[in-house]
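To start, the structure itself, in structure tokens.
Everything numeric in this text was worked out from a predicted model, so none of it was measured. One-based numbering, in listed order, for ligands and for the atoms of each. Only this structure's heavy atoms are used, side chains among them; waters, hydrogens and symmetry mates stay out.
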Amino acid sequence: MTDFATTRGLFKLPEGIIYLDGNSLGPLPRGVERRLLDTVNAEWGDRLIRAWNEADWMTMPRRIGDRIGRLIGAPTGSVVMGDTLSVKVYQALASALELNPERRVVLTDSGNFPSDIYMAEGLLASLQRDYELSIVAPEDVGAAIDETVAVLLLTEVDYRTGRRHDMPALIHKAHAAGALVVWDLAHSAGALPVDVTGADTDFAIGCTYKYLNGGPGSPAFIYVAPRFADQARPALSGWMGHEAPFAFDLSYRPGAGIERMRVGTPPILALAALDAALDVWEGVDMAAIRTASLDLAELFIAEVESRCPDLVLASPRDGTRRGSQVSFRHPDGYAVMQALIARGVIGDFRAPDILRFGLTPLYIDKRDIIGAVDVLVDVIDRRLWDSPEYTTKGLVT
Ligand SMILES: *Cc1c(COP(=O)(O)O)cnc(C)c1O
């Protein structure tokens, strides 16, 4: 049984803040500071370049990949860390397209995160082979899968509404039509049980600074199904993915299996922070996370709907069709969110009118939910949001 009172103690949360934005940037796990200081002083400082071998820096992308793999149902040796999620979208899609060379359609949906779509557009333009990016409404994806589709590129959980695709069913349908699949798990890894093996996904990618609490800009992960790992050609053929980086050959030979998805020198400080952050997950049961997250969401939805009728639920009401966030619409959503943040309830805003709240049982409990709704009711009933200080947009929303 996962004890959430204990996991909450593993985070350094500021006093007086109710943090409902762990779906955007997870909070700081207490173990990170110590680990970073050790890596900086005892490894980088004392051992200098020798640390690549002596402190096992070189194998960190694989070792940490295996830790992520345990959270997403991937076997040992099938996940590697590096770069950012946008880069991993490019890598996975490029390899998948080459594995299905006769077809020309990449199918995605309009709920996908824009960067995934932009990266696909950029890749397809570079390939110059008449590829077509087909963007359909999320509910139409299943019907749009046919034998023209080379790759289905989807994000399981919609970043705005929290709507969750039926991943195993769509994968089954795509495979039956001869398409390959790339799944973005940005809002799934650490949020709900994921089983890339059971669902039979071909490629999966995700970031680690959201529900996995790895810190701002922490490295992304990529999973390649073992059946393709020695076959997928890496489009970003950097030296760290070479079979023998330190042979300094003049031509590229891909490394064995998932190693080939490495690109350049790994960000050791960021990996060290992530490694420490992942300690939080030791002994945590993803099924317990899911149950607790759905309980928090039910409570939050019931409270908001009964006490703030101005807010309209933007997330699916059926918990099984939702990730670990709840969103509401309000015409002045941006100002409402700024007023909430000013009062210590941190969520975020997504254009045009979405108030987004991440519900993360590792460190959020029912008292926090009630406390957050109390503040929300105050902000709405007294129109506290209707003030010039809350309408100016910052660089990051
Ligand atoms: C958060 C997120 C990203 C962000 O990509 P970065 O390269 O890490 O900035 C991309 N795709 C999805 C689906 C996301 O949720």
Can you name the closest pair of heavy atoms from [X] and [Y] and give their distance?
X	Y	value
R343	Y390	NH1-OH, 3.1 Å
F357	G347	CD2-CA, 4.5 Å
V377	C308	CG2-SG, 3.5 Å

Close-range residues for ligand 1, whose non-hydrogen atoms fall below the 4.0 Å threshold: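 Residues near ligand 1: T84, L85, S86, F113, D116, T155, D184, A186, H187, Y209, K210.
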
Y19 six-ring centre to K12 NZ/CZ under 6.0 Å and within 45° of normal: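 Judged by the rule, K12 and Y19 form no cation-pi pair.
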
Plane angle bin for F228 and F203 - parallel if under 30°, tilted between 30 and 60°, otherwise perpendicular: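 Correct class here is parallel.
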
Main-chain N/O of P226 paired with S78 side-chain donor or acceptor, under 3.5 Å: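 No; zero donor-acceptor contacts below 3.5 Å.
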
